[in-house]
Structures are given as C-alpha cells and as structure tokens.
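Notes to accompany the following structure.
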Amino acid sequence: MSAASRASDLRAEIERHNRAYYVLDQPTLPDAEYDRLFKELQALESEHPELLTMDSPTQRVGGAPLPAFGQVAHRVPMLSLNNAFAEEEAAAFDRRCREGLDVAEIEYAVEPKFDGLAVTLIYENGLFVQGATRGDGNTGEDVTQNLRTVKNIPLRLVGEEVPLRLEVRGEVLILRRDFERLNAQQRAVAAKEFVNPRNAAAGSLRQLDPRISAQRPLCFFAYAVAETTHQAPASHDALMSQLAAWGFPVARERDVVHGLTGLLGYYARIGAARGQLPYDIDGVVYKVNRLADQERLGFISRAPRFAIAHKFPAQEATTRLLAIEVQVGRTGALTPVARLEPVFVGGVTVTNATLHNQDEIDRKDVRIGDTVIVRRAGDVIPEIVAVVPDSRPPSSGRYDLLEAIGHACPVCRSKVERLDDEVVLRCTGGLYCPAQRKRALLHFASRRAMDIEGLGEKLVDQLVDQRLVDTPADLYRLDLAALANLGRMAEKSAANLLEAIRHSRSTTLARFVFALGIRNVGESTARDLARHFGSLDAILGADEEALLRVADVGPVVAKAIHGFFAEPHNMAIIAQLRDPQLGGVHWREGEALPMANSTIAGKTFVLTGTLPNLTRERAKELIASLGGKVAGSVSRKTDYVVAGAEAGSKLEKAQQLGLSVINETQLLDLLT
Ligand code: IVH
C-alpha cells in the first residue's frame, strides 16, 4: 500500500474513532490502540509532509501561536434570541406565532439553551475551512485554529452527499465533569481556578496559542444552519438530524412538541433534569419546527420571531458578604458560613452560603465586605464561587478563622483542634458542646435515619437550650407536660411530635446504626453493617478486624466504629434507646447476609431513570447480593420497577401494567 493511501486510511479510521468517542459517546477502541494509530499517522506525515491535509486529526493538537485574531464578516448575521422568563411570556410567544401563521396549534422543535459561546463553522466541499466567534453579530474573530482542536467538531463531513458550502451555528462549551477535572489540574499546578464552565470555555477559545486551546476540554453542539447549498429539509428537527448524520454533535435532549402545553411540559422536564445534564444550560429554546413557517414569521429587529429562549432562574448572582459566622457540626467540624445581603438566585432568596473551611477561604481570598458571586444549583447548599476583585473595600484584610473565634469553639469555648490529615478545625467538646448535641439530634431525627417528622432545627434548639433533651434517648422521655413548657408549641403540634417520636420506635437496624451518627458511617455503610452482621449485638461485638471484613469498610471507618462503641457514654445511650421501658426502639433482627430468606430473593427488578444516590451498577449489585434479579425490560413478570429522575418508557409501561413502582428509598428499605 502506498504511503498516501495508508495516510488516508489512517485519517479516516482515527476520525471514525474520534466521532465514536466524542460525538456518539461510544468508544470503539482501547486508548492504547488509538494512540498507536495516531502515532503512525504522525510519523507518516513527518516523513512525507506533502501528505499532510487540513482535515488530518493530527492538526487537532494546535499550530503556532497567532499575533492576533483576524476578523471575519458574517455573511449571515449572528442574531440573538428574545427571552421569556415567565410562563405568560411563553404563552404570548405561542399566541404571536399562531396568529402570524393563522393556525390553531403549532409544532415546535425544542432544545436546551446551552450556556457557552456561540460560534459559526464554515465547510466547503465537506471540509472545515473557517470558524469564528459571534463578536458583535456582524463581525467576529477568526478562531479557526482553536476550533480545529475541538475534538467533536468534524474536520470533514461524513457521508456521500455533502453540500458545496455549509455554515453551521452552535455553541462551544465545557462539560461539567471536564470542568471539574480542569480545575483540579489548575489546583495541582497552583494556577487560578475557573469560576464556571462558561468562563473556562470563553478563556480557552480565545487563546492566541492554539496549543493551549488544544489542552482544554472544549466541546461543540450544533443548533442551527445559517447557509447551505444542500436542499434543506422541511423542518428544523429534520435539519438537526441531517447535521447529526454529517457528524455534528447535537443535543440529545432535543424534542418535538405541540402547542403551549408541549412547550411548558418540556420546560418543566428539562428544568427537573437540569442538575443531571452533562453541561450547564440557562434555559430552553423553542423554535417553530417547519422551516417554511420560520421564513413566514421572519425577524423583528435583531431576533427571530419564530424562536424564543425560555430562561431558567439564574444559578449565579452577585451580592455583598456582610459577615462570616462559624457553625459547629455534628462531629464538631467548624464551618465558616457567609452571611449575605439577600439575593435572588436559583429561584430562591439566599442569605447564607457555605465557605467550607480556611483553605477554601484562602484559595478564593474571600474577605468580609467583598462583593461575591454566589451560586445555587438545584437543592445544593449555596456556595461562593469567586470574589469580584474590583469592588473590594480598601480596608479589608485576610479572614483568619482561628483568630476570629479566639482559638475556641464559638458555642462551648472548648479547645479546637486540626488533625494532621484534615483541613477542617474541630471543637473537642463532643456532646458537652450544645451545638454538637443539637446536630446529633437533628441527624438522629432526619428522614433517612429515625424519620421523626416535625423535629426541626427550631424545636431542637429549644429542647436542648432548656435542657429537656441531652441525648437521643431523652426524646423518648418527652411527654405533653414537658412540651407544654415550650410556650409557643401548640398542643396539637406537641401531640403530633410525640406521635412521630412514638412511631419512630419501630425501625430497621440500618436506620438505627445510621442514626447513631458515627463518624464516617453514612447510610450505605450502615446498611452494609446491618446486612453483614445481622444484629446490633453482633456489630457491637465486632473488633476492628471483623469490621474490616465488611464490604467498603476500611481502616479509618473500622476505627471510628470501634471507637464509638468503646465509649461507655455511647453504650449507655444505646442501652436506653433499646430498653423496652425507656426508648423502646426496636427492629427485626435478621441473620447475617440473609440471602435465603430475604424478601427480595427471586424477585425481578427493572431500573429506569437516574437514582439520586445509587449508581445503576451499585443498585444492581445490591439487588443481586440478596438474590434478586435485574432485568432490562418491563413485563408482567417484573416484580418491582425502580424509577428515578427522567424515567422514560419503562415507567409508562409499568404503570400500564399496574406493576409496583418504587423509588430509591423504598428500594433501600426493601434491601435492609
Ligand atoms: S438558536 C437566531 N439554539 O443563545 C438565533 N441558540 O440568545 C439562533 N444558544 O447566541 C440561535 N443554545 O449562543 C439557539 N439551542 C440553541 C441555543 C442557542 C444556546 C445561544 C446562542 C445565541 C444565544 C441567543
């Protein structure tokens, strides 16, 4: 075979694997094999420079730095979209489109609104020849060299029928998991971290040295065609499928819906899945699907009439940091918390944000009085992402946590310590510290532990402050007379609380072990312990060596468990909790590894959607370890369908067949 045809074969093969890996997310080759092909092509090209082509995958590594970006005049202007924030605005958009087209209902193509940077890509005879940023919409910057390094941008279109000229619009961004990795790398070399994936993508795309861009995990998604010499299909949806067939990545979440109900349903669906998507989005985009209708509706000033962006509440906002308070957690960990000027972000008003620990404060150089960027995504605790450096008051100084608390626990004044291998400071007061007692009680009562409904923060504060409750065992001594002292607590809610406490007596061993709040023993370790030992006495009797035999229990956890039960104080509380005359907490004790008589042995499960905590693998493993089976599809023989977020057709089928549909918590309860 000639060198020329070998080079051409290699180019085609490597790009095929690139596409499988970066566009379709289905790797076809082991990395080592890919590297071998790549090196072979590099060697061939350096031996025969005349064989090097513009679409060679070796060109994705980035060429020589540029003195400045050239300018590109957009043949078709890069417009923006009008925004809708409220449902009424989406309804008004639908009404305008219906009136404009004089139809009763419209079919829409709907897509996520990527939170990245708009770019345009030009292909001639199937070859990527130029790429540019949006700029002012009429003229952008020529970032061709950098875009060439973006692994999922096709350098050559796939297929026989490629247009003479094609201009594709889309967004360059960084996937969340790549962003985390990128920032970890930045930390490792003590370089400045990026504030968010969008900023990282912007900074990476506008590098004059393409070799730097090449090292950044940029990624592209197509969402429009500006110009094509190809016969355009009838709908936007078909156009996107055409782009996908030519090798462009398009959003997996895109869909076609009908009418306003369809639009709002999509908004809700994507909104709920927002946190689980691989990339950041700031809304969804609605587009009239038929291209002929798009043309009829046309444009108004700088935006199309046929499309609109329906935005989600912003997840980041700017506000002022008023003070830093230090909270004491269940295990004594001291956490600095920022008190903020109230700001509306992520759909709620935020007044506090966690600052994690001193290292985080130092890394971000957060100071009292700073203007800060706050992020609240989904249900996660609001966080300070970065400081806006220009607005810092001149008088501010570094915040030193130890100094701020006078080197003692802010609640009980016990000594604080920092263990060698930890970044956090801890109060050494243990259960002497009211803050730790309160946290321990809240944990004990929490939904996944003893599930005592109504025992919230305010009530725990009162119970502890008035010395009505010191330990979890004291909860079971409460009666109406004691609660009557709590003033504002109406009789009805007092009775409800007592009922909830009474109800919690009947529990599972796993929940009880988790509720004890042993350091490093989360829900899943508690469950493993319960399953492995079968009874509390067996767990209490286990030495570190025996504990190490439990799946996932390492030396640190084994030591924590053993240490906890060696503490007479803890043993006394457990005894009180279990005493039928006192706490009366009980559960059904099983046998260790109760495989044969497990309630799920022989039962068939089907998993669908994303579970909040368990990966699919872990869920399968747990079910299998107790003798259950996991099947791929739903049928009448299915015993349980376990549904998580974004559950699809399997859930529908289960409902049609009237099968038991359970969530993760119910699954875990079955398994213990
Ligand atoms: S269509 C005529 N679709 O949003 C405008 N834009 O505010 C055609 N964007 O500059 C744009 N995701 O950067 C479209 N699925 C999507 C999008 C999207 C993100 C960005 C794009 C545009 C901006 C408009």
Side-chain angles (χ1 to χ4, degrees), residues 72 74-85 89-90 93 97 108-121 131-141 143 147 150 152-153 167-175 196-199 201-202 205-206 218-228 232 235-241 243-244 248-257 263 266-267 269-271 273-274 277-291 293-312 314-315:
V72 177
H74 300 308
R75 290 187 14 166
V76 177
M78 292 181 77
L79 305 180
S80 60
L81 292 168
N82 285 326
N83 290 325
F85 295 95
E89 293 169 276
F93 162 74
C97 291
Y108 292 102
V110 290
E111 313 170 337
K113 184 171 190 307
F114 302 104
D115 197 7
L117 291 101
V119 295
T120 191
L121 308 177
T133 61
R134 177 169 186 271
D136 64 5
N138 294 315
T139 313
E141 282 176 322
V143 285
L147 287 171
V150 177
N152 70 353
I153 289 183
E167 184 163 350
V168 172
R169 302 271 157 92
E171 202 92 340
V172 164
L173 48 83
I174 290 182
L175 300 182
N196 56 35
R198 206 196 109 81
N199 288 17
L205 185 64
R206 298 196 64 262
L218 289 170
C219 158
F220 172 81
F221 285 94
Y223 53 63
V225 169
E227 247 194 320
T228 174
S235 67
H236 177 80
D237 170 52
L239 190 60
M240 289 301 104
S241 301
L243 288 183
F248 291 98
V250 293
R252 265 190 207 177
E253 299 78 16
R254 73 194 174 93
D255 204 349
V256 172
V257 301
L263 295 181
Y266 184 72
Y267 181 80
R269 213 155 12 103
I270 297 294
R274 187 181 185 185
L277 295 183
Y279 35 64
D280 278 357
I281 62 174
D282 53 353
V284 289
V285 182
Y286 307 146
K287 300 173 180 176
V288 169
N289 197 22
R290 275 194 50 194
L291 297 182
D293 288 345
Q294 289 195 358
E295 210 161 306
R296 270 178 69 195
L297 286 166
F299 295 83
I300 178 165
S301 68
R302 305 278 304 155
R305 266 204 204 87
F306 56 80
I308 199 165
H310 193 173
K311 302 283 278 270
F312 293 136
Q315 293 185 321

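In each ligand, atom 1 is the first atom listed, and ligand 1 is the first ligand listed.
Environment of CZ in Arg206: sparse, with no more than 12 heavy atoms of neighbouring residues, nucleotides or ligands closer than 6.0 Å.
Residue contacts with ligand 1: Phe114 is placed with a nitrogen or oxygen under 3.5 Å of a nitrogen or oxygen of the ligand (distance criterion only). Taking only nitrogen or oxygen atoms, main chain and side chain alike, Pro112 reaches within less than 3.5 Å of ligand 1. Looking at Ser80 next to ligand 1, no N or O pair under 3.5 Å apart turns up.
Formation of a donor-acceptor pair under 3.5 Å by the Asn289 side chain with backbone atoms of Ser235 is not found in this model. Judged by distance alone, with hydrogens and angles left aside, the side-chain atoms of His74 form a donor-acceptor pair with the main-chain N or O of Thr133 at under 3.5 Å.
Residue contact check for ligand 1: Lys287 places a non-hydrogen atom closer than 4.0 Å to it.
If you look at Leu81 next to ligand 1, the close heavy atoms, those under 4.0 Å, come from the backbone and the side chain alike. Residue contacts with ligand 1 for Glu111 involve side-chain atoms from C-beta outward but no N, CA, C or O (heavy atoms, distance under 4.0 Å). Contacts between Pro304 and ligand 1 below 4.0 angstrom, taking non-hydrogen atoms only, involve the side chain exclusively. For Met78, no heavy-atom contact with ligand 1 is shorter than 4.0 Å.
Scanning the protein heavy atoms around atom 4 (O) of ligand 1, the nearest turns out to be Lys113 NZ, 3.1 Å. Remark: minimum distance from atom 5 (C) of ligand 1 to any protein heavy atom is reached at Leu79 O, 3.8 Å. Scanning all protein heavy atoms for the shortest distance to atom 22 (C) of ligand 1 gives Tyr223 OH, 3.8 Å. For atom 20 (C) of ligand 1, the nearest protein heavy atom (residue, atom name, distance) is Glu171 OE1, 3.6 Å.
Relative orientation of the Phe221 and Phe114 rings is parallel, given thresholds of 30° and 60° on the angle between their planes.
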What's the verdict on side chain to side chain contact (heavy atoms under 4.5 Å, CB included) for Val172 and Leu147, showing C-alpha distance, side-chain angles and the deciding distance? CA-CA 9 Å; Val172 164; Leu147 287 171; 3.8 Å; yes
Side chain to side chain contact (heavy atoms under 4.5 Å, CB included), that's the test. Do Val284 and Tyr266 meet it? Break it down for me. CA-CA 8 Å; Val284 289; Tyr266 184 72; 3.6 Å; yes
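Between Arg198 and Asp282 no salt bridge is recorded (no basic side-chain N to carboxylate O distance below 4.0 Å).
Taking every heavy atom of both residues into account, Gly116 and Leu173 meet most closely at CA-CB, 4.3 Å.
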